[in-house]
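Letters A, B, ... mirror the listed sequences (proteins, then strands); counts begin at 1. Keep in mind it's a predicted model, so treat the numbers as computed, not measured.
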Amino acid sequence: MSTQRRPFPFHEFEPKWQEHWVSRRAFRAANPGDVDFDHSKPKYYILDMFPYPSGDGLHVGHVEGYTATDILARFHRMRGFNVLHPMGWDAFGLPAEQYAIKTGRHPRETTTRNIANFRRQLQAVGFSYDWDREVSTTDPGYFKWTQWIFLQLYNSWFNPVTRKAEPIATYTGPDPDSVRLAYVAKMPVNWCPQLGTVLANEEIVDGKSEVGGFPVERRPLRQWMLRITAFADRLIEGLDGLDWPEGIKLLQRNWIGRSEGASVMFCEESGGAKIEVFTTRPDTLFGATYMILSPEHPLVGSITTEVQRADIEAYCTTVASKSDLDRTELNKEKSGVFTGGYAINPVNGERLPIWIADYVLMGYGTGAIMAVPAHDERDFEFAQKFGLPVREVVRPNEAVEGCFVGDGVAINSGFLDGLSTPDAKRTITTWLEEKGLGRGTVNFKLRDWLFSRQRYWGEPFPIIWEDGRHHALAEDELPVVQPDMDDFKPTGTPEPPLSKVSEWVRYSEKAERETNTMPQWAGSCWYYLRFCDPVNGNRFVGEEADRYWMGQTGQPGGVDLYIGGTEHAVLHLLYARFWHKVLYDLGRLTTPEPFQRLVNQGMILGPDGQKMSKSRGNVITPDAVIADYGADSLRLYEMFMGPLEQMKPWSMKGVEGVHRFLARVWRLAMEENQEGKWVVSPVLADVPMTSAQARVAHATIKKVTDDIRALAFNTAISQMMVFTNEFVNASPRPLDSLKILLPLLSPFAPHLSEELWQRLGFDGAASTQTWLTHDESLLIDNEVELAVQVNGKVRDRLVVARDASKEAIENAARLSAKVLEAIGSGTIVKVIVVPGKLVNVVVK
RNA sequence: GCCGGCGUGGCGAAAUGGCAGACGCAAGGGACUUAAAAUCCCUUUUCGCGAAAGCGGAGUGCGGGUUCGAGUCCCGCCGCCGGCACCA
């Protein structure tokens, strides 16, 4: 019995407190309007990226971010904030559907089971979520509002004059369907014949399906799209007001990929067709020596001469059959074919041969370029390969080798000669606009968001089709719930699984339901809003709840702190910002941005320093760590490993280390008696702390407080270790030491802190104490030790009074025997005194 | 190729431009014990001298620079990790 006993009985008190917190709803946050709502408290909304409840259960990586937010949530509660700290489930997704196909069991069944397991695991770590606010994206009461938001997008357009989303009724043009923020277009999608399903880009690795490694081909299908490109500029501008890592902001800016330039009209020589190109270098127009169209460009057919037609068609066929992988491999070598046609350069009337090449993408700009091989590396490579002329029109300011792509001075460019690149750009753009041959334009890499999936386990669209036209369902018809099915197998064609349920598809005599579903991103785009008011049946979020939790800080973003992994740096965080801005423009929300401050936790690697994976066999599960060492040890270890944002490897020895620390804290308060029972330690006494003890105690209050604010949890913990080392041998041991330590420790190790607080008979609970403030005067020692340096090398130490004058310190340093020895025959040039730190004697 | 991030003991790491290595792990030694576990104490960047207390030198990826003083700031390299990838 005694040999197996744990150093402290965490296995008894941890489940007890977890049960206590859940059953008492200990961390429930009151909403404005609730009877117990306290108007005097400031709000603090701290959010985790909610998990996909996979069958594998919680990962230690989840626990890392969730512990960080839990510490901050508990800290803010103790500092008198009304804290919103919710959790939910991003539960639509492919794995549940794949499992359903294999076993015939409904995805809802596996999803429900996985959610129950995740909830159990999260509660076993002792997180202080407000479980009354739990939401799941798969719950009809939730996705009713996901569908409702889709209808807001469907019923809006982006007004370029106001630069805002507006109700479609304010659009006065002929075809409202052409400007809706949600629209239908025929788009190539990734079709995987072996899996019998369409895949998202993220599910394709190196041109093959992530699951199974099967080939994927492009097929054009009717798809729902969201017009995120209309918000490109707003999405870039909005980043300025956010406290996000600069790297993430940059990633988003690059993803949106704004570039300024000009569109220029070229005229095809024989047929007179207009070919519009986009260029960021209109100043090099005189250097264009040929043109290239994308193989998919609509003018290819009419421009191609009969002599060239066979070659062109062969090339287009080859390109069309290439998967993305093959096309990427082709990048190493430029390819293309001459169409036989010519275009006229509008600035000098020169004839330019028109080629097609797959390095020109139909999806960017106009799908056609003017090639300036002297000043663009890709054009240069192409010109080299096919023997096309190269004409230099920009002189570099200093000599460069090879193709010059930088700024310089225009040459061989007629009226632009002598102008610097920026001036030449302005001049030529004005000239083009005056002649009606072009204009300044901006292009983005960002594409509209392909929003439909051919899946069962997703939100159905609230859309019906009649006579080939789409119509929105009325709000009171929401939610549109998927029908139950027995057979989840793919249809074998790109028809969505829902199309098999004919009685569901049939909406009326004439109308049929849309059978596509929304992507997994949909539910996660707005869940942070639903947390503010999770059971509201009348609105996606109540106005007052939105104003209170998302507003009132005077900053653009509503969520005060959002912690999660880098994998969502672009897509989720961009999509959510887009939806938020639309809802904001439509007057449904109070702030223009969802997340004010963002922090990315670093990845936790396996003990071997490799990414954790089942195949490597290096996965650590939270359940196993909790069983052996307890939840507090798991929490504390993950925070002690290193800086939150850094990647770091797991070490079970490290877990043991923090476990020993917690055992030492336990023994500060408790002692084993003759019968092997834990009793309050007899060395504890109501005596004042010595000045040395008080200094450590107050230094700990200060450092833990500062470090939590800075998210430097590892150093906060090491300071509490210093504190414990100071008191562990004290006898008598002042009771005040525990009155100070336990509340400081409680955000990190809430179970142990609460248990000891109760056993010591202190009032209330450790987790509801008011956060302590340190007494600066207790930190000050009357004497300080200074290092005495000669030319930067430490030669002696000096103990002086705290308030000694600079002169007194300098004189004492000059008298030091060791300093005099180090000076030798040199002369003192000057003496630098840094009070409280050191003295540096500079000698020549 | 382009854009980010990071390089400090045997390991995880710490250090407002001011005594490099706090705290933890591992290792070694000791106390307690019949023994082990647990616990407690001591040592532990490295090299040289010394029986020892100690004394001296070197040291934060490499090379320069700024400064009384650089892990920290600046310039140029090298290496590792992550993201994007023909975006005209």
Side-chain angles (χ1 to χ4, degrees), chain A residues 2-7 245-251 253-255 257-259 261 277-281 284 292 294 327-328 330-332 334 357-361 363-372 375-379 381-382 405 443-447 566-567 569-570 600 602-603 605 609 611 637 640-643 645-658 660-661 663-664 667 672 712 714-722 724-725 728-729 785-797 829-844:
Chain A
S2 72
T3 53
Q4 291 182 358
R5 210 191 37 254
R6 296 164 171 90
E246 277 309 313
I248 301 292
K249 289 190 185 182
L250 203 63
L251 228 50
R253 284 194 192 98
N254 290 342
W255 186 266
R258 184 181 204 275
S259 46
V277 306
F278 172 73
T279 176
T280 56
R281 294 297 301 271
T284 62
I292 300 184
S294 161
R327 211 158 155 163
T328 318
L330 278 176
N331 294 346
K332 284 163 191 141
K334 292 273 179 294
D358 67 356
Y359 82 88
V360 175
L361 310 170
Y364 182 77
T366 62
I369 62 161
M370 63 175 206
V372 185
H375 305 292
D376 181 283
E377 273 166 19
R378 295 149 303 180
D379 297 347
E381 203 187 312
F382 191 85
V405 299
N443 254 293
F444 298 93
K445 286 191 210 173
L446 183 70
R447 305 292 152 81
T566 343
E567 67 273 18
V570 179
N600 293 119
M603 205 194 319
L605 305 172
K611 193 173 168 177
Y637 172 64
F640 187 61
M641 289 175 87
E645 297 180 66
Q646 192 170 300
M647 191 189 286
K648 41 215 178 267
W650 188 272
S651 158
M652 219 41 110
K653 288 289 181 189
V655 182
E656 287 175 26
V658 294
R660 274 199 283 271
F661 160 66
R664 270 204 307 284
R667 290 196 308 274
E672 237 177 339
N714 54 333
T715 48
I717 293 166
S718 54
Q719 181 63 36
M720 289 189 279
M721 288 172 170
V722 170
T724 305
N725 294 342
V728 81
N729 289 323
E785 192 186 68
L786 304 180
V788 183
Q789 298 179 333
V790 176
N791 286 345
K793 280 195 195 305
V794 180
R795 296 297 176 181
D796 199 6
R797 286 170 193 289
V829 182
K830 65 172 155 177
V831 178
I832 286 144
V833 179
V834 185
K837 295 277 184 185
L838 55 67
V839 183
N840 191 12
V841 181
V842 185
V843 175
K844 269 215 169 124

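- When the P atom is used for both B/C11 and B/A22, the distance is 15 Å, rounded to whole Å.
- At the heavy-atom level, A/L251 lies under 4.0 Å from the strands shown only through sugar-phosphate atoms.
- Using a 4.0 Å heavy-atom cutoff across all strands shown, A/K445 reaches at least one base atom of the nucleic acid.
- In this structure, A/T366 and A/V277 approach most closely via the heavy-atom pair OG1-CA, 3.4 Å.
- Within the 4.0 angstrom heavy-atom criterion, only backbone atoms of the sugar-phosphate kind lie near A/N714; the bases stay farther away.
- Comparing the P positions of B/A14 and B/C23 gives an interatomic distance of 14 Å, to the nearest angstrom.
- Between the C1' atom of B/G69 and the NZ atom of A/K830 lies a distance of 10 Å, rounded to the nearest Å.
- The side chain of A/L361 lies closest to B/A88, out of B/C3, B/A88, B/C23.
- For the pair A/F640 and A/M721, the minimum side-chain heavy-atom distance is below 4.5 Å.
- Going from the P atom of B/A70 to that of B/C2 covers 33 Å, rounded to whole Å.
- Within residues 837-844 of chain A, the residues that place at least one heavy atom under 4.0 Å from RNA chain B are, in residue-number order, A/K837, A/L838, A/N840, A/V842.
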- [ ] Using a 3.5 Å limit on both pairing distances, list the dot-bracket string of RNA chain B from the 5' end; Watson-Crick and G-U wobble pairs count, crossing pairs take [ ], interstrand pairs take |.
- [x] (((((((..(((.....[....))).(((((.......))))).(((((....)))))..(((((..]....))))))))))))....
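- The residue A/T566 sits apart from the nucleic acid: no heavy atom pair falls under 4.0 Å.
- The phosphate of B/C11 (OP1 or OP2) has no side-chain N or O of A/S651 nearer than 4.0 angstrom.
- A/I717 has its CD1 atom 14 Å from the P atom of B/A13, to the nearest Å.
- Comparing atom distances between the A/I369 side chain and each of B/A88, B/G12, B/C19 picks out B/A88 as nearest.
- With P as the reference atom, B/U46 and B/A85 are 47 Å apart, rounded to whole Å.
- Counting heavy atoms of neighbouring residues, nucleotides and ligands inside a 6.0 Å radius, atom CD of A/E377 does not exceed 12 of them.
- Applying the 4.0 Å criterion to OP1 and OP2 of B/C23, one finds that A/Q719 has every side-chain N and O outside that range.
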Please list, pair by pair, any protein nitrogen or oxygen found under 3.5 Å from a nitrogen or oxygen in nucleotides 38-42 of chain B.
unit_1	atom_1	unit_2	atom_2	d
B/U39	O3'	A/R667	NH2	3.0
B/C40	OP1	A/R667	NH2	3.3
B/C41	OP1	A/N729	ND2	3.2

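- The separation of B/G61 from B/G12, taken at their P atoms, amounts to 14 Å, rounded to a whole angstrom.
- Note on A/M603: nothing from the nucleic acid sits closer than 4.0 angstrom, heavy atoms only.
- At the heavy-atom level, A/R795 lies under 4.0 Å from the strands shown only through sugar-phosphate atoms.
- Contact annotation for A/G657: backbone-only contact, meaning every heavy-atom pair under 4.0 Å involves sugar-phosphate atoms and none involves a base.
- In the set B/A58, B/A88, B/C23, B/C23 carries the atom at the smallest distance from any side-chain atom of A/S718.
- The heavy-atom pair separating A/N714 from A/P643 by the smallest distance is ND2-N, 3.7 Å.
- Contact annotation for A/V834: base contact, defined as any heavy-atom pair under 4.0 Å involving a base atom.
- Between A/Y364 and A/L786, the residue anchored nearer the 5' end of RNA chain B, judged by the nucleotide with its closest heavy atom, is A/L786.
- Closest approach to the A/M721 side chain among B/C19, B/C23, B/G18 is made by B/C23 (side chain taken as heavy atoms from C-beta onward).
- A/N840 places a side-chain N or O within 3.5 Å of a backbone atom of A/G792 that can act as its donor or acceptor partner.
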